[in-house]
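Counting convention: from 1, in listed order, for ligands and their atoms alike.
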Amino acid sequence: MEFSIKSGAPEKQRSACVVVGVFESRKLSAAAESIDRAAQGQLSDIVRRGDMEGKLGSTLLLHNIPRLLCDRVLLVGLGREREFREKQYRDACRAAIRTLNDTGSMEAVVFLTELPVRRRGAEWRIAQAVLVATETLYRFDRLKSKPSDVRRPLRKLTLTVAGRAELAAGEAILRQAEAIARGMSLAKDLGNLPPNVCTPAYLAEQAAAIAKAAAMSCEILEAADMEKLGMGALLAVARGSAQPPKLIVLRYQGADAAAAPIALVGKGITFDTGGISLKPAAEMDEMKFDMCGAAAVLGTMQAVAEMRLPLNVIGLAPTTENMPGGRATKPGDIVKTLSGQSVEVLNTDAEGRLILCDALSYCERFKPAVVIDVATLTGACVIALGHVATGLFSNDEALARELIAAGDAAYDRAWHMPLWEDYQEQLRSNFADMANIGGRPAGSITAACFLSRFAKTFRWAHLDIAGVAWRSGKEKGATGRPVPMLAQYLIERAQAHARVPAP
Ligand code: BES
Ligand code: MN
Ligand code: ZN
């Protein structure tokens, strides 16, 4: 899809379709009013007849409105004006895009981006329109023998700003949002691919391809390298699988080589059976999404490179299957991690923390300014926060605040969870330095506590995306979260550093 920005009067647009909003009950938005004036009251006549109440998400497509240069006008219900906030704005955009794509307009000029949204400016409205539009039109049908074809698909969207003065800033934010949207789509594609295609080797190949297209470097550590380094935890998870594990290391250099990098670490379990602690059969297919952390890291790296942020960023993804088998790790096995600490594996289904702990220790060599890991880590996080918020844990209050703020700005929100010492004792083991599980209470917190023991030498945050990385049911599919939050955090970090003059 092609996006562009423009400013101008709605009634003067030469377009297949002009999109304007109507509040409940039957109150025209400013853009709808200009059209109504030009059309000598036609719009208000139609609305008064009761064809468009303004209910949020409803749409009405009109043809042959007199004195306009466009072929059609699409009215979009916005709900009550007093209640029009971020969610309503996104819902209205989604409804508009859906209708445009399902009807004949292959191109449209959207005035919804001029609607006031509390706490948000034109830039936010543009960025969100791009993200919502890309998301709404996303399909994953490459493995169907007859891809569902839309007869006249929406190809080109023009988003409007109120004045010419806003064009330049709008243009810049549009390019950024497009990079983020592409990063999300990449993350979704990788997540949606079946686990017989998206193996650790496939992820490594994709990482190499992304690096090549975006002038990043890519290194893949093989099992033998992990052996040499002493990554006993990552290797323990891989033992049951016929697919060799990989540790992907992508490096983007946008700043001085001496500048400390930010490291992103994504959990890349391409299929989680639970191992010997086998999961129940119901919905086990969804454990193909257990590599969505790795996918989000790859998507974010691609976006960062496309935006050419003046930062150094390293993307790491430990990736393996978690399978049962004659060689698989057993409950009770004790493994030695790269950090030197020993772990008693009491449950082989708590494998994410085992691959992440070695990747976190591996980060130390990069002397990172910040490390952020992203993982579909615990079912307990889904119970705590549902499918709305990412669980955020950190050993640094300021970093936690920055990430929460980035998630809020990107409408990809996280909730700060506690990482108090009091929880650490649940990981006690009689036979090793720690156990890999902490019992039923506070499952997402004890998982984070486990990781914190491998993140002592840097500022670190952990994002548990178990509830937000994919949707189940009829709309089953990866969401591409938290690419927007991570990208926003990096954008803001790049801006903050640009403001501080070099010494
Ligand atoms: N990948 C799962 C977490 C998960 C489960 C995410 C369901 C989304 C939906 C993870 O590897 C896992 O199995 N965690 C266990 C940990 C437990 C054994 C301590 C869990 O959450 O049940
Ligand atoms: Mn598991
Ligand atoms: Zn898992």
### Quiz item: cation-pi between Arg413 and Tyr411, 6.0 Å / 45°
yes
### Query
Does Lys267 pair with Asp290 as a salt bridge, N-O distance under 4.0 Å?
yes
#### Entry: Close-contact set for ligand 1 against Glu351 heavy atoms, below 4.0 Å
11 (O)
### Query
For atom 13 (O) of ligand 1, which of Val237, Asp349, Asp290 has the closest heavy atom?
Asp349
### Nearest neighbour in protein (non-hydrogen) for atom 9 (C) of ligand 1
Met287 CE, 3.7 Å
### Query
In Glu351, what N, O or S atom is nearest to the Mn ion (ligand 2), if we give its atom name?
OE1
### Query
Does a side-chain N-to-carboxylate-O contact under 4.0 Å join Arg428 and Glu425?
no
#### Entry: Asp349 backbone or side-chain N/O/S under 2.8 Å from the Mn ion (ligand 2)
yes
### Message
When you measure from the centre of the six-membered ring of Tyr138, is the NZ or CZ of Lys188 closer than 6.0 Å and no more than 45° off the axis?
### Response
yes
### Query
Do Asp464 and Thr378 have a side chain donor and acceptor closer than 3.5 Å?
yes
### Task
Could you check if a side-chain atom of Ile314 sits within less than 4.5 angstrom of a side-chain atom of Asn312, using non-hydrogen atoms only?
no
### Message
I need the atoms of ligand 1 closer than 4.0 Å to a non-hydrogen atom of Thr376, numbered in the order shown.
### Response
1 (N), 2 (C), 3 (C)
### Query
Is the shortest side-chain N to carboxylate O distance from Asp433 to Arg453 below 4.0 Å?
no
#### Entry: Under 2.8 Å: N/O/S of Asp349 next to the Zn ion (ligand 3)
no
### Message
I want to confirm something. Looking only at heavy atoms, which of Ala375, Ala380, Gly379 is nearest to atom 4 (C) of ligand 1?
### Response
Gly379
### Message
Any atom of ligand 1 sitting under 4.0 Å from a heavy atom of Glu286?
### Response
no
### Message
Tell me the protein heavy atom at minimum distance from atom 2 (C) of ligand 1, and give that distance in Å.
### Response
Asp272 OD2, 3.6 Å
### Query
Is Lys267 touching ligand 1 with its side chain, its backbone, both, or neither, if touching means heavy atoms under 4.0 Å apart?
side chain
### Query
Side-chain donor-acceptor pair under 3.5 Å between Thr270 and Gln243, yes or no?
no
### Query
Can you list the atoms of ligand 1 that are under 4.0 Å from a heavy atom of Lys279?
12 (C), 13 (O)
### Query
Quick one: do the Glu135 and Ser185 side chains pair a donor with an acceptor below 3.5 Å?
no
### Atom of Asp290 closest to the Zn ion (ligand 3), considering N, O or S atoms
OD2
#### Entry: For the student: nearest non-hydrogen atoms of Val335 and Ala236, plus distance
CG1-CB, 3.6 Å
### Task
Pick, from Leu377, Asn436, Asn347, the option with the minimum heavy-atom distance to atom 18 (C) of ligand 1.
Asn347
### Message
If I consider every N, O or S atom in Asp272, which one ends up closest to the Mn ion (ligand 2)? I only need its name.
### Response
OD2
### Query
Is Glu2 paired with Arg155 through a side-chain N to carboxylate O contact shorter than 4.0 Å?
no
### Message
I want to know if ligand 1 touches Arg353 in the polar sense, i.e. an N/O pair below 3.5 angstrom.
### Response
no
### Summary
In this structure, atom 6 (C) of ligand 1 is nearest to the protein heavy atom Ala466 CB, 3.6 Å
### Task
Would you name the N/O/S atom of Glu351 that lies closest to the Zn ion (ligand 3)?
OE2
### Message
One pair to check against ring-ring contact (aromatic ring centres under 6.0 Å, His included): Tyr89 and Trp124. What are the steps and the verdict?
### Response
CA-CA 11 Å; Tyr89 175 75; Trp124 184 88; 5.8 Å; yes
### Summary
Among Asp464, Ile437, Leu354, closest by heavy atom to atom 19 (C) of ligand 1 is Ile437
### Message
Below 3.5 Å, N or O to N or O, backbone or side chain included: is there any such pair between Trp470 and ligand 1?
### Response
no
